[in-house]
Amino acid sequence: QVQLQESGGGLVQAGGSLRLSCAASGRTFSNYAMGWFRQGPGKEREFVAAISSSGGFTYYTASVKGRFTISRDNAKNTVYLQMNSLLPEDTAVYHCAQSDRGAASSSLNGYDYWGQGTQVTVSS
């Protein structure tokens, strides 16, 4: 059974940085794309970033381009989200997700396993 466990969330001031991690287990990590999504208060879950199975391709939503970086370590079965220059509007629960294929996707429907999420709160 696939399990995804996020860590690294917390409270940070605007302009600060956080690094989220997501440890995966249950199937061959290097075969599948990974994604990060977030759900803010009263909002729907939205795409943040994705990375292909090899790590060679990455995608970002426009609002985080240049501030967030997604990466993966296939030897450690872990995907990361480095978040810099954080803004109050980045406040959300951040979920990692594992795709059902190697190509990265921005669609929620492209992912079949989800973590429980980690809270990120950015104060102004």
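Predicted model, so just to flag it, every value in this text is computed and none were measured.
Considering only heavy atoms from C-beta on, Asn31 stays 4.5 Å or farther from Arg101 through its side chain. For the pair Val93 and Thr118, the minimum side-chain heavy-atom distance is 4.5 Å or more. With a 4.5 Å cut-off on side-chain heavy atoms, Leu4 and Gln98 count as touching. Counting heavy atoms from C-beta outward, Met83 and Ser17 have side chains that stay 4.5 Å or more apart. Taking the side chain as every heavy atom from C-beta outward, Tyr94 and Gln39 never approach each other to under 4.5 Å. Between Leu18 and Val120, some side-chain heavy-atom pair lies under the 4.5 Å cut-off. Counting heavy atoms from C-beta outward, Tyr60 and Phe47 have side chains that stay 4.5 Å or more apart. A 4.5 Å side-chain heavy-atom check between Val122 and Glu89 finds every atom pair outside the cut-off.
Side chain of Gln5 to backbone of Gly115: no donor-acceptor contact under 3.5 angstrom is found. A donor-acceptor pair under 3.5 Å is absent between the side-chain atoms of Tyr111 and the main chain of Ala33, judged by distance alone. The closest donor-acceptor contact from the side chain of Ser85 to the backbone of Gly15 lies at 3.5 Å or more, if one exists at all. Within the 3.5 Å criterion, the main-chain N or O of Ser30 finds no donor-acceptor partner in the side chain of Thr28. Looking only at distances, no side-chain donor or acceptor of Gln13 sits under 3.5 Å from a matching main-chain atom of Ser123.
The shortest non-hydrogen separation linking Ala24 to Phe29 is CB-CD1, 3.6 Å. Considering all non-hydrogen atoms of both residues, Ile70 and Met34 come closest at CD1-O, 4.1 Å. Between Pro88 and Ser124, the shortest heavy-atom distance links the atoms CG-CB, 3.9 Å. The nearest pair of heavy atoms linking Ile51 to Thr58 is CG1-CG2, 3.8 Å.
Under the 4.5 Å side-chain contact rule for hydrophobic residues, Leu81 and Tyr59 do not share a cluster. Criterion: ILVMFWY side-chain heavy atoms under 4.5 Å apart, direct or through other members. Under it, Val64 and Tyr80 are not part of a common hydrophobic cluster.
Taken from CD in Gln3 to CG in Asn77, the straight-line distance is 12.5 Å, to the nearest 0.5 Å. Taking OG1 of Thr91 as the start and CG of Leu86 as the end, the distance is 8.5 Å to the nearest 0.5 Å.
Between Phe68 and Trp36, a ring centre-to-centre spacing not shorter than 6.0 Å is recorded.
The salt bridge (Lys or Arg N to Asp or Glu O under 4.0 Å) pairs that include a residue from residues 70-85 number zero, where partners must be two or more places apart or lie in different chains. Sequence neighbours left out, the pairs with a member in residues 34-61 that pass salt bridge (Lys or Arg N to Asp or Glu O under 4.0 Å) are Arg38-Glu46, Arg38-Asp90.
Side-chain N/O atoms of Arg27 and Gln1 include no donor and acceptor closer than 3.5 Å.
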